[in-house]
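Everything numeric in this text was worked out from a predicted model, so none of it was measured. Letters go in sequence order (proteins before strands), and every chain restarts at 1.
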2 protein chains.
Amino acid sequence: MLGTEKIRYSFLVILLQRWSSALTDESITNALIARLRTTSALDDHDVQAVQSLPVVVKHYQPGQAIVRDGDRPAECCLISKGFCVRSKMTSNGRRQILSIYIPGDIPDLQSLHLNVLDHDLITLTECTLGFISHVFLREITRRRPNVAEIFWRDTLIDAAMFRDWIVNVGQRPAPSRLAHIVVELRERLKVIGQVQGAWFEMPLTQEQIGEAMGITPVHANRIVKQLRDDNVLEFHRGSVRVIDEQKLLELADFDGLYLHQRPSL
Amino acid sequence: MLGTEKIRYSFLVILLQRWSSALTDESITNALIARLRTTSALDDHDVQAVQSLPVVVKHYQPGQAIVRDGDRPAECCLISKGFCVRSKMTSNGRRQILSIYIPGDIPDLQSLHLNVLDHDLITLTECTLGFISHVFLREITRRRPNVAEIFWRDTLIDAAMFRDWIVNVGQRPAPSRLAHIVVELRERLKVIGQVQGAWFEMPLTQEQIGEAMGITPVHANRIVKQLRDDNVLEFHRGSVRVIDEQKLLELADFDGLYLHQRPSL
DNA sequence: CGCGGCCTTGAGTCACATCAAGAGACGTGG
DNA sequence: CCACGTCTCTTGATGTGACTCAAGGCCGCG
């Protein structure tokens, strides 16, 4: 689904289907502020400064590339609605998913100080994205060191998630890998109020689940089936239901410390 | 070698064997400046500011923990001499090495804004480390936004290396993984002038090589043997010699872009 | 109705893990 | 100077998790 063919096609779709509004969209920066509050302490001045950032809103279809390996973006993108993944290809055509992004995340904040992108950023679902120019971000971080530190911290949490992802892919057996990814996603969705009861969204195809775990789609299918047959999880239409919380946590070997979800951590 | 037993023993060794000098050590900050110059553009004021940072120098034995999972460090450490690894354990006692650090690196710069450490930092060889208090680092980054951005950028490069490490562990067959790690290390050592001819230092035991690749020590041994038998690499006393550059690069699937070794990248 | 994504399942193979045993290097103490 | 213990490296036999190839089924959509 994320193959080259499809992406070439998607490029036309971008031109045809995405429409944009160049207004400062308060509801979008509010999502950002909510997100930053969970990980850092913001004062009123910081909030005002962030809210005053000019945002360009764009809508994307599922499976579109937002930015690509080798790009030199001039803006950062804030997810207001929808899910994205960051991924990287090897020369023999295998794709590795590096992280999953949810509303409130700024997946490419790093491009502010790293000029060339070393990976792809792709939408999983329909997305509403807010783009903020590097010019304004640099200006705000120069003028308000506190905001700079909050953004810096955000990229550091990103890095902490990568470290955890390495351990997951490198050391755990496949069923644990899947459980771990599921629990991590759920913890992050909880913070933005997107978990209702035992259900939450995880809009990955089994092929993408495989790409996240570092295994083939066929084997990913077997692992998903195994967790379903063992009454641990239920997958349905891009959503997940936790059936056996106990077993899930045992498998996942999850310690949420690395998410640094409280400012003091 | 990195087991709990050994580390408990090492703790005594720290008390007995490390001696410290609380002077501002110019030769140490010079290593840092050399390192930062390769990735970022520094002006004279930045250099002066960095050189004026008070540094506490300490010496470590091989296999000692510098900081541990769960610590809340109050200082960052700069490697002046020697090699370190960052690693993380799973609950079933398996260790994953996340990155290898060489002279000029600041492996835990992230602790400046992430209070709780989510991994271990361990010396591989005898090390000379310079410790810089968070207080001074915060002060310099507040006073000089340019220095803040350079340090920020440094942590972003760290994150880029993690991303690449995920791909390596997740997608490549074991011989390629090893080749990739070897080439990455060599490229970084080149920049600090630590590659003489075909030889360079890679002071990992085969067990640690396995921990870096996400495989067992026994299998790591077979992979090392395979690359030796295929006349690609020669390992001897913690050093590596490249025999067949061509084959090595083919295996490694290495694109150094993610190291961002030039300020414009 | 037919097509294209996506999911599912089986059979055979291969990469890597596990278990087990031994050999070389090195430091330490007798 | 030798004996011993501890790391580290090495190798074989055997088991298993994951890959590959292949085929078929489900479902939404034009």
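Rounding to whole angstrom units, CD of residue A:Q208 and P of C:dC7 are separated by 9 Å. Distance B:I215 CD1 to D:dC9 C1': 14 Å, rounded to the nearest Å. As rounded to whole Å, 12 Å separates atom P of D:dT20 from atom CZ of A:R222. In this structure, CD of A:E211 is placed 15 Å from C1' of D:dC19, rounded to the nearest angstrom. Atoms CD (B:E207) and P (D:dT8) sit 7 Å apart, rounded to a whole Å. Rounded to an integer number of Å, the gap from A:H236 NE2 to C:dC6 C1' is 14 Å. In this entry the distance linking CG of A:L124 with C1' of C:dC6 reads 15 Å, nearest Å. Separating the CE atom of A:M213 from the P atom of D:dC19 is a distance of 9 Å, rounded to the nearest angstrom.
Regarding contacts with the backbone of C:dT9, a side-chain N or O of A:K225 is found under 4.0 angstrom from either OP1 or OP2. Checking the phosphate oxygens (OP1, OP2) of C:dT8, a side-chain nitrogen or oxygen of A:N221 falls inside 4.0 Å. The side chain of A:R228 contributes no N or O atom lying less than 4.0 Å from OP1 or OP2 of C:dC7. For C:dC26, the OP1/OP2 oxygens have a side-chain nitrogen or oxygen of B:R237 closer than 4.0 Å. Considering only side-chain N and O atoms, A:T216 lies nowhere under 4.0 angstrom from the phosphate OP1 or OP2 of D:dA18.
A donor-acceptor pair under 3.5 Å links the side-chain atoms of A:K247 to the main chain of A:D230, judged by distance alone. A distance-only check finds a donor-acceptor pair linking the side chain of B:D253 to the backbone of A:S91 [under 3.5 Å].
Among the heavy atoms of the strands lying under 4.0 Å from A:V218 is at least one base atom, whether or not backbone atoms are also near.
Distances from the side chain of A:I223 to the nucleotides C:dC16, D:dA18, D:dT20 place D:dA18 closest. Checking D:dT20, C:dT8, C:dC6 against every side-chain atom of A:R94, the shortest atom distance belongs to D:dT20.
Heavy-atom minimum distance, B:I66 versus B:C84: CD1-SG, 3.7 Å.
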Item checked: B:H236 vs B:W199, side-chain contact (heavy atoms from CB on, under 4.5 Å): CA-CA, chis, key distance, verdict -> CA-CA 10 Å; B:H236 187 62; B:W199 283 100; 4.0 Å; yes

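Checked for salt-bridge contact, B:R186 and B:E245 meet the test: a charged N lies under 4.0 Å from a carboxylate O.
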